[in-house]
Every structure is written in C-alpha cells, then in structure tokens.
Amino acid sequence: MLVTLLAACGASTKSDKPAGRKANTLVDFTPVSKNASQRFKYFYLEAIAQQTKGNYAAAFDLLNHCQEINPNAAEVYFMRSAYYSTMKNDSMMVADIERAASLNPKNTTYLERLGQVYIGMGDFPQAIDTYEKIFANTRDRDDILNILIQLYDRQKDYDNMLRSIDRLESLEGSSEEITLARMRVLSMKGDKEAELAELKSLSSKHPNDMNYHVMMGNWLLQNDRAAEALKEYEYVLDMEPENLMAQMSMLDYYRNVGEDSLAYDLQEKMLVSETTPINSKMTLMRKVVGDNEQQGGDSTEVLDLFHRILAHPQKTTDMHELYAAYMTLKKMPKDSICQALSDALRIAPDNAGVRLELIQSKWGDKDFDEVIRLCKAAQEYNPDEMAFYYFMGLAHFQKDEKDEALQSFQTGVSQINESSNKEIVSDFYAIMGDILHEKKREAEAFAAYDSCLQWKPDNVGCLNNYAYYLSEQGKDLQKAEQMSYRTIKAEPDNSTFLDTYAWILFMQERYEESKIYIDQAVEKDSTVSEVILEHAGDIHAKVGDMERALDYWQRAREKGADSKVLIRKIKLRKYLKK
C-alpha cells in the first residue's frame, strides 16, 4: 500500500492547501441538546440507509443536515469526505478528513486516511506528523513504522530513519533485515565506521554463519580495503572450501586486484564442480561470454571452456543449450549445433523446446526422415504438444506420403483444446483439407476448411483453396467469390489469389470483370504458371480477343500443359469447356 501511495505523490490528489500547512486543530466541543442528539441519530442513520440504496445525492444532503445539527460529529465529516472526493472537490475533501481527525484524534481509521491524503498531496511533513500520531496510539504496528521509515527517507531525515528502525527492532527483535536496513541508512548518512560496526555486530551474533564473514569481506572490498577483505574470504574458504558465496566474492576480489589468471582458474573450478548449483554456473558462463564479446569476440577460449565443462556429466540441459546458443551466435557449423542439441535431448528427452529447435534445424536441411523420427519420439514424451504432429504431418506431406500425413494431422487434431495455438490448429485443418481434396473426399475436405476458418477466419491460403475448389465444382459460387475477394484484399499482388478470383468471376459469366483480374495475375508474376495462362486464354476467348487467347494457350503448352482439351482449343481456335 505504501509503495502505491508514495508513487502517487503529487499526482493522484491535489489540494488548494499549501504543502506543509498545519491542519486546524481548534475544535469547538459545545455539547448539543438531547433533542438535537436524537434528531442527529435519526438523520445520520437515514443517510447511511440512502447510501446503501444507492441514493447518493439524498445521502449527501442528509449528511449536510447532520453537520448543521451537530458540527462536532467526526463521523459525518469522514463520511462526507468520500463524496467530495468523488466530486473532485479536493480542498473540501481534505478539510473534512482533517476535521474528522481533529475531532477524534484517537480514531486510527481517520488518521490513516488523512496520512494517505497527505502522501498523495506530497505533503510529507504533515504525513509524518499524522503517522507518528497513529504509532503513538497503536505501538504494536510495524507497518506504520515501515511507512515512517520511507517517509523520513523521502525527507532525507536519516536520524529519524534510524530512530524508527530502533523502534522497529524493539517491536520485532533483532534480525538480519533490520541490521542491513540500519547499515543502508548509515551508508546514506556517510557514517562508514558505524556501518562497519553494525556489520561486525551482526557477524559476532552469528559466529558460525560464514555468510556474514563474506558480507564483511564484500563491504571491505567495496570500500577499498582489499587486504582485509581477502582475510575474510580466506577464513571462510578454510572453514567451508565449497562455500559458493565466498567463491563468488573471491572472483570479484581477484578481478578487483588484477589477478586475472587466478580469477580464471577459480571460475573454471566452479564451472566444473558438481557442488556449484546450475543457476550459478549459468550466470558465470554468461558473464564469460559477455566479457569475451566485449573484448572482441574471439570464440576459441570460450569454446575450449565449454568443452572442458561438458566433458563432465551434466544433470540438466542448461549448459548444452547455452553451448548451442553460443555456437549459433558465432555462426558455427550446423552439425555442431545439432550435436549440442542432441546431447541435451539425451539428458532430457521430454524437453520440448530443445526438440523443436532440433526439428527446425533438420527441416531447414530438408532431412524429413529425421524430422519424422524426432516427432514420433516426441509424441511419447509430449503427447499434448501439437507442434510435433504438425511437423510430422508436413514432413510426410513433403515426402508425398499423403496417407501418413493425414493420419498425423488427424491424431494432432485430437489434442486440440481451448488453449491450443490458433495458427497451428488452423494450418492443421487447412492441410488436411488439401489432402482430402486430393483424395477426392470433397465433403470431408470442405468440412476441414470450415474448421480451419473457425480457428482463423483470415487464413488466406485456406480461403483461396476453398474458393477455387468450390468454383471447380461450379457450386456455392457466391460464397466462393466472397472468400476469394478477402484474399486479394489481403494480398493484392498475389497472382494465385488474383487467378482464383478471376476464375470464379468467369464461372459466373462475368467475363469483363474476370479479364481485369486475370490480366493482373499474369502481370504480377514473371514465372506465371500454365494453369493461370490457360485461364487467361479462356477468359480472353470469352471476351472476343481470340489472338491473345491463342497466345496464352500456346504459352500454357510451352509451360507443360498438354491436356486434350487445351490442344483442341488451340486447334479449333475457340473456348471449350472441360
């Protein structure tokens, strides 16, 4: 809460009251008559009832009436302040909260709200005064002391920060956190000797905890007392040779005093040691890579170090993955990178990320057999990861193994759930539709396309194929036209999409419109296919331009089209329906 309040300083709440102004504490406690007291109670309860019903205007009016009856009722001012806040009348809101707090100075709720308002205004002196009053009323609240510490920090009042930390220690007892907080304040204050005394006190209270000696050494090293720091580190390493914190600090010491060779030896020892946690090893190795890149990027030393580390058995894949990433960075041979990924996969065959990276590398090499092998193995360890069915199906498709591809996609579809990647699911159905169409299973193909578009309505590849296959059957041409039109809007320079749209218009006997789009399809593609050329010939024949039609048909033949219908069209010099 405090962080939120402090972050809002000077922004969330503004007031006409100058920062640091003393709140009015003069209160008239003239008592009200018994009759006025009864009237006050009736109208105040009614205000609460109206507020509960959502009748805020009525509740606000009733509160004003209550204030007239009893000007010393703190609860009225506090309740009414919320209305002024909603009305953006900040000056009246502040005045009401101040009035409520002054009328009932023991009410912690009123004081806390007032303190929050002062923090929002950036009036830290008033906020400090308010929270000091709260703590005076409730001396068991460590949260109030923590707020005061941060408020005094804003004011750079280090003495009162220390006083508040002392009070916190009295309340909670001594702890490492409190000592470190006190050291931080002493550091800001510039009292180095007192800061060191605190650290020595902490160490003496925990003589068997070597980490405090390391902390002492770190403080000494940071304050240019390297010789004293070394004694602390050596003491710890004599007592606990594998103390990671001391080893890391010793590394800093060697670098600080220019003993680079000793730093390198210790670093390697830590990297190959089985007692060094993998997170620490990864941090160290990333620093090695980063330092090497800053010094020119000579990879020889880094690779040698990786080799020495990986010569030891690894319990996790992290170092192998970092090795592969580094080799990728240095553009090393793909075989070496794949070997590192394969080594990682042997350690953790269920590591989907590593396996996918390896699959993508093999895909780039068009090693479809290896892609299939990797995906098949993955389905045992990660049966719900759709990407493996996807790549396996595509690999079979590339090998012209349509039945196997279809089976892989159908198995993958069974793993679909609400959190599945929409792009992948959409492509699953799109490719299934293409395969089913090729197998003359039209109804199933169109159902697959429909499923594809449910997951991704703008899958332009599916929209194009679906529309074209509908046009081939001469049915649902209006639906086909709508789908095809969306593709040319998405990719207006795609000659395949332009051809599909032109052909659907042709099938609807809208020949002049069709000609516009088929001409664009031919112009957009310097390597235009024989299918598009034959379509261009058919369309130009229908608009009466037989010379261009013959030219397109002949070009289609030269591209490899050799259907009997095409040959007869050229011979008879007229359009013939298939």
Side-chain angles (χ1 to χ4, degrees), residues 278 282 313-325 328 334 337-439 441 443-457 459 461-462 465:
I278 187 59
M282 296 298 290
Q314 300 293 307
K315 295 179 181 179
T316 70
T317 66
D318 300 80
M319 195 60 71
H320 287 287
E321 291 183 65
L322 184 60
Y323 181 37
T328 302
K334 190 177 289 186
I337 299 170
C338 287
Q339 184 59 55
L341 294 173
S342 297
D343 291 341
L345 212 52
R346 277 192 288 273
I347 297 171
D350 60 341
N351 189 319
V354 169
R355 190 177 292 272
L356 280 171
E357 192 174 346
L358 190 54
I359 287 170
Q360 289 171 342
S361 179
K362 297 298 181 182
W363 186 271
D365 294 336
K366 298 187 178 180
D367 188 351
F368 301 125
D369 288 329
E370 183 64 9
V371 169
I372 291 169
R373 187 192 70 78
L374 287 165
C375 289
K376 189 173 182 179
Q379 291 167 21
E380 298 177 19
Y381 298 103
N382 309 98
D384 57 345
E385 179 53 69
M386 293 187 61
F388 296 123
Y389 302 98
Y390 179 70
F391 279 108
M392 187 172 180
L394 284 179
H396 280 302
F397 189 79
Q398 291 294 325
K399 293 184 66 182
D400 204 31
E401 298 171 349
K402 302 298 173 56
D403 290 334
E404 291 84 351
L406 185 59
Q407 181 180 359
S408 181
F409 287 125
Q410 287 173 333
T411 305
V413 162
S414 67
Q415 303 296 327
I416 293 174
N417 55 57
E418 291 182 356
S419 62
S420 297
N421 184 300
K422 293 183 179 182
E423 298 279 346
I424 293 179
V425 174
S426 176
D427 285 345
F428 260 65
Y429 282 116
I431 300 171
M432 283 175 59
D434 293 342
I435 296 172
L436 289 164
H437 175 267
E438 189 173 323
K439 289 179 168 293
R441 293 159 62 176
E444 294 174 79
F446 293 159
Y449 289 143
D450 285 330
S451 296
C452 167
L453 296 175
Q454 284 180 358
W455 282 87
K456 191 172 186 293
N459 187 319
C462 175
N465 290 356

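Bear in mind that the values here come from a model prediction, so they are computed numbers and not experimental data.
- Here Q407 pairs with nothing under the side-chain hydrogen bond (donor to acceptor under 3.5 Å, both in side chains) rule; sequence neighbours left out.
- For A352, the side-chain contact (heavy atoms from CB on, under 4.5 Å) partners two or more places apart in sequence, or in a different chain, are N382, F388.
- Atoms CZ and CD, on F391 and E385 in that order, are 10.0 Å from each other to the nearest 0.5 Å.
- Looking at residues two or more places apart in sequence or on another chain, you find a salt bridge (charged side-chain N to carboxylate O under 4.0 Å, His left out) between E401 and K399.
- Annotation: side-chain hydrogen bond (donor to acceptor under 3.5 Å, both in side chains) contacts involving residues 356-365, sequence neighbours excluded, comprise K334-D365.
- Taking CE of M392 as the start and CD1 of I359 as the end, the distance is 10.0 Å to the nearest 0.5 Å.
- Remark: D318 pairs with no residue by the salt bridge (charged side-chain N to carboxylate O under 4.0 Å, His left out) rule, at least two apart or across chains.
- The shortest non-hydrogen separation linking A348 to T317 is CB-CG2, 3.5 Å.
- N417 is linked by a side-chain contact (heavy atoms from CB on, under 4.5 Å) to S419, S420, counting only residues two or more places apart in sequence or in another chain.
- Of the residues R441, E438, E444, the one that meets the side chain to side chain contact (heavy atoms under 4.5 Å, CB included) test with L406 is R441.
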Walk me through it: do I435 and H396 pass the test side chain to side chain contact (heavy atoms under 4.5 Å, CB included)?
-> CA-CA 11 Å; I435 296 172; H396 280 302; over 6 Å; no
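- Between Q314 atom CD and Y323 atom OH the span is 12.5 Å, to the nearest 0.5 Å.
- Shown here are the side-chain contact (heavy atoms from CB on, under 4.5 Å) partners of P383, two or more places apart in sequence or in another chain: Y389.
- Contact of the T316 side chain with the I347 side chain is not registered, since no non-hydrogen atoms from C-beta on lie closer than 4.5 Å.
- The closest side-chain heavy-atom distance from F368 to L394 is not below 4.5 Å.
- Counting all heavy atoms, side chain and backbone alike, A340 lies closest to H320 at O-CB, 3.8 Å.
- The distance from atom CD of Q379 to atom CG of D384, rounded to the nearest 0.5 Å, is 11.5 Å.
- Shown here are the salt bridge (charged side-chain N to carboxylate O under 4.0 Å, His left out) partners of D367, two or more places apart in sequence or in another chain: there are none.
- Contacts of F397 classified as ring-ring contact (aromatic ring centres under 6.0 Å, His included), with partners at least two apart in sequence or in another chain: none.
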Under 3.5 Å donor-acceptor pairs involving side-chain atoms of residues 421-432, not counting sequence neighbours:
unit_1	atom_1	unit_2	atom_2	d
N421	OD1	E423	N	2.8
N421	OD1	I424	N	3.1
S426	OG	C452	O	3.4
S426	OG	N459	ND2	2.7
D427	OD1	N459	ND2	3.4
D427	OD2	Y390	OH	3.4

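- Heavy-atom minimum distance, L358 versus S342: CD2-OG, 3.6 Å.
- Residue K366 places its NZ atom among 12 or fewer non-hydrogen atoms of other residues, nucleotides or ligands, all under 6.0 Å distant.
- In this structure, the side-chain hydrogen bond (donor to acceptor under 3.5 Å, both in side chains) partners of Q339, at least two apart in sequence or on a different chain, are D343.
- No donor-acceptor distance shorter than 3.5 angstrom exists from the side chain of R355 to the backbone of D350, with no hydrogens or angles considered.
- Partners of E370 according to the salt bridge (charged side-chain N to carboxylate O under 4.0 Å, His left out) rule, which considers only residues two or more places apart in sequence or in another chain, are R373.
- Between atom CG of residue D369 and atom CG of residue L374 there is a gap of 11.0 Å, rounded to the nearest 0.5 Å.
- Contact between L341 and A324 at its shortest, heavy atoms only, is CD2-CB, 3.8 Å.
- Once rounded to the nearest 0.5 Å, the distance linking CZ of R346 with CG of N351 reads 14.0 Å.
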